[in-house]
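Report on the following structure.
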Amino acid sequence: MKLLIRILTITAILSLFAGVGLGFAAVEEGTLVAQWGLNEDDDFKEAWDAKGDPMTAEGDIVQQVSDSPESWNRFWFNFNDGFYFHIFKPLAQGYSYIIPERPRGWVENFFTNLMYPVRFVNCLLQGKFESAGLETSKFIANTFIGLGGLGDVTEGRKVLREIPTDSEDFGQTLGAWGADNGTYLVWPFIGPSTARDSVGLVGDYFLTPATYINPWYASMAVKSYEKLNYISLRIGEYETLKEGALDPYVALKSAYLRMRAKKVSK
Amino acid sequence: MKKIIAIPLLLVFLCAVPAYGGQPTQTLKVGLDELLTVLKDPQYATEEGVSDEHLEALRGVVFNFFDFGELTRRAVGKTWTTFTDDQRERLVKVFTKLLEKTYIRKLNTQFLEELNGFDGKSIQYLEEKVQGKLAMVNTKLKLTDKELAVDFKLISKQDKWWVYDIIGEGLTLLGIYKDDFRSALLKQTPDELIASLEQRIKDIEAGRADAQAQ
């Protein structure tokens with residue numbers, strides 16, 4: 001979900017490149033139609049999918065994933081939407097009014113660094129030994145030089161050789177092993193997921209250090225704070241996606257499934 | 001005698017082959033460079049979203065390399081063949097306006113300052129694939145401190161390449177709207193689809209007015 005929102009922003013910014021396009025005032029109606037070449041061919045085929053692979057017969061990822069519990073999903077989608085706008089967003093706005101952006105960035109680095117076990121184990125499970133090694137060196141550097149992970153001292157450093165690190169999680173591992181998404185599922189508070197990614201979330205839960213804080217409500221508080229901090233840095237991103245869509249439920253589902261498919265393929 | 005023929009021929013070949021990348025990459029590079037120039041033009045600096053003049057200038061540039069009609073046509077898919085010319089035109093128009101309304105407000109001074117470290121050199125053109133009249137160009141953007149894999153899909157029309165889709169980390173602009181439109185068109189007629197897009201724009205305008213009042 002975290003990355004999803006970040007990527008949505010990116011897409012939003014990119015769409016801006018597209019969105020600012022096309023002043024229709026400047027276009028004569030004739031040219032527009034000529035440009036489509038409507039009648040000469042009605043070809044809608046794509047040569048490649050979003051990953052850059054040649055199109056397969058199975059079609060688009062979103063068409064492959066069933067949404068059988070749609071009314072359940074829509075119910076929780078609306079619940080999460082309301083929760084975000086009425087509770088989380090005002091809280092995050094208040095929080096970011098008090099705490100400036102930079103310290104909030106440090107908090108985020110801290111939590112990202114803390115999630116190292118999840119990334120490490122899932123790199124290993126997918127046989128990505130070099131990535132696992134790089135995650136480890138990042139973790140050590142950020143923990144000991146970056147004040148316990150508050151600073152990200154490795155970001156933007158020159159590398160001798162590119163080793164991809166892509167915040168692996170157990171859902172991606174299952175995908176890499178060949179598991180299908182299963183049904184699309186929306187969970188309260190967690191948001192969009194699939195049957196496969198839900199199993200992944202359970203696996204990652206046990207690798208998340210904050211899970212082991214006692215008592216349970218302290219653990220919950222830490223995780224909620226992490227989420228609050230995260231949202232405070234990204235207010236407006238979900239709003240943009242929602243505004244631009246005819247049916248925000250469909251747009252969020254589409255974005256989630258596409259983003260996950262790309263991550264699994266990496 | 002042979003030389004006399006060979007030299008002009010060689011010259012023709014040299015001119016025909018672009019120095020760097022293929023035609024799609026060239027088109028994209030020229031387009032993005034121009035777009036960045038206009039985006040960062042200090043004369044349009046503003047605190048409250050984009051000004052009308054800036055918007056007009058941006059449109060002028062983007063329209064040279066981004067094919068909005070193609071994006072809309074593909075987002076609608078096969079149902080497009082049942083649209084009348086008038087419906088097609090109105091849909092493209094209203095869809096463009098929606099994208100402007102949704103994303104344009106991000107264009108303010110703060111956003112542009114973040115873009116300042118971002119210039120033509122921050123875009124790396126990696127790979128280009130061409131198949132018939134379709135092409136895909138992979139790039140790496142360094143918008144902020146993090147690198148992003150961004151791919152562009154292009155289509156060739158009348159000997160010119162046009163961008164019609166932007167893909168950031170697997171999220172495609174076209175793909176998301178394809179899903180959105182497809183699901184809407186299951187329940188709605190083309191005219192209803194256009195009407196609901198118009199309603200969306202009105203909602204955004206109303207929401208924006210509220211935000212300013214606060």
Side-chain angles (χ1 to χ4, degrees), chain A residues 3-4 6-8 10-27 29 32-38 42 44-52 54 60-63 155-156 236 239-241 243-247 249-251 253-255 258-263 265, chain B residues 35 55-56 58-60 62-63 66-71 73-74 77-78 80-81 85 88-89 92-93 96 98-100 102-104 106-107 129 131-132 134 136 138 143 145-146 148 150-151 153 157 166-173 175-176 179-181 183-184 193 196-197 200 203-204 207:
Chain A
L3 236 139
L4 173 64
R6 165 163 284 187
I7 285 166
L8 285 175
I10 293 156
T11 314
I13 294 168
L14 291 172
S15 314
L16 181 150
F17 286 99
V20 294
L22 310 257
F24 271 80
V27 188
E29 292 183 0
L32 207 74
V33 177
Q35 214 191 74
W36 288 332
L38 303 173
D42 284 315
F44 297 93
K45 267 185 231 128
E46 298 287 340
W48 305 277
D49 62 14
K51 289 173 266 168
D60 205 83
I61 175 78
V62 179
Q63 263 61 58
E155 181 70 52
E239 287 85 336
T240 304
L241 174 87
E243 272 180 2
L246 279 173
D247 183 345
Y249 172 81
V250 172
K253 175 180 149 189
S254 169
R258 287 169 195 285
M259 186 213 69
R260 291 296 292 180
K262 172 80 179 180
K263 284 184 75 75
S265 78
Chain B
L35 178 62
L55 185 58
E56 207 54 53
L58 288 167
R59 281 170 175 160
V62 177
F63 194 70
F66 197 96
D67 187 343
F68 224 79
E70 187 66 25
L71 172 66
R73 190 181 76 93
R74 285 178 181 262
K78 294 227 163 67
W80 184 256
T81 49
D85 278 0
R88 288 170 178 174
E89 232 159 80
V92 177
K93 207 167 173 171
T96 308
L98 177 70
L99 286 177
E100 279 184 7
T102 315
Y103 299 114
I104 212 87
K106 300 220 180 266
L107 268 185
K129 283 181 263 198
Q131 196 184 93
L134 298 178
M136 190 165 180
N138 308 115
L143 254 183
D145 52 346
K146 224 173 147 64
L148 305 167
V150 182
D151 307 325
K153 280 191 178 177
K157 285 178 183 176
I166 302 174
I167 307 166
E169 300 288 340
L171 284 191
T172 99
L173 185 65
I176 290 174
D179 293 329
D180 205 14
F181 285 1
S183 111
L193 175 72
S196 46
L197 282 166
R200 209 89 201 82
D203 291 345
I204 294 172

For A:A47, is it the side chain, the backbone, both, or neither that has a heavy atom closer than 4.5 Å to a heavy atom of chain B?
-> both
Can you name the nearest heavy-atom pair linking [X] to [Y], along with the distance?
X	Y	result
B:G175	A:S254	O-OG, 3.9 Å
B:R74	A:F44	NH1-O, 3.4 Å
A:A255	B:L171	O-CD2, 3.0 Å
B:S183	A:D247	OG-OD2, 4.4 Å

Under 3.5 Å donor-acceptor, B:K153 side chain and A:W48 backbone | yes
Where does [X] contact chain A at under 4.5 Å (heavy atoms): side chain, backbone, both or neither?
X	answer
B:D180	both
B:K129	both
B:S196	both
B:L134	both
B:R200	side chain

When rounded to the nearest 0.5 angstrom, what distance separates OG1 in B:T172 from CD in A:E46?
-> 8.0 Å
Rounded to the nearest 0.5 Å, how far apart are OG1 of B:T102 and CD of A:E243?
-> 6.0 Å
Show your working on side chain to side chain contact (heavy atoms under 4.5 Å, CB included) between B:L193 and A:L246 and close with a plain yes or no.
-> CA-CA 9 Å; B:L193 175 72; A:L246 279 173; 3.2 Å; yes
Hey, which of A:K253, A:E239, A:K45 has the most heavy atom pairs under 4.5 Å with chain B?
-> A:K45
Close side-chain approach of B:D179 and A:Q63, heavy atoms under 4.5 Å | yes
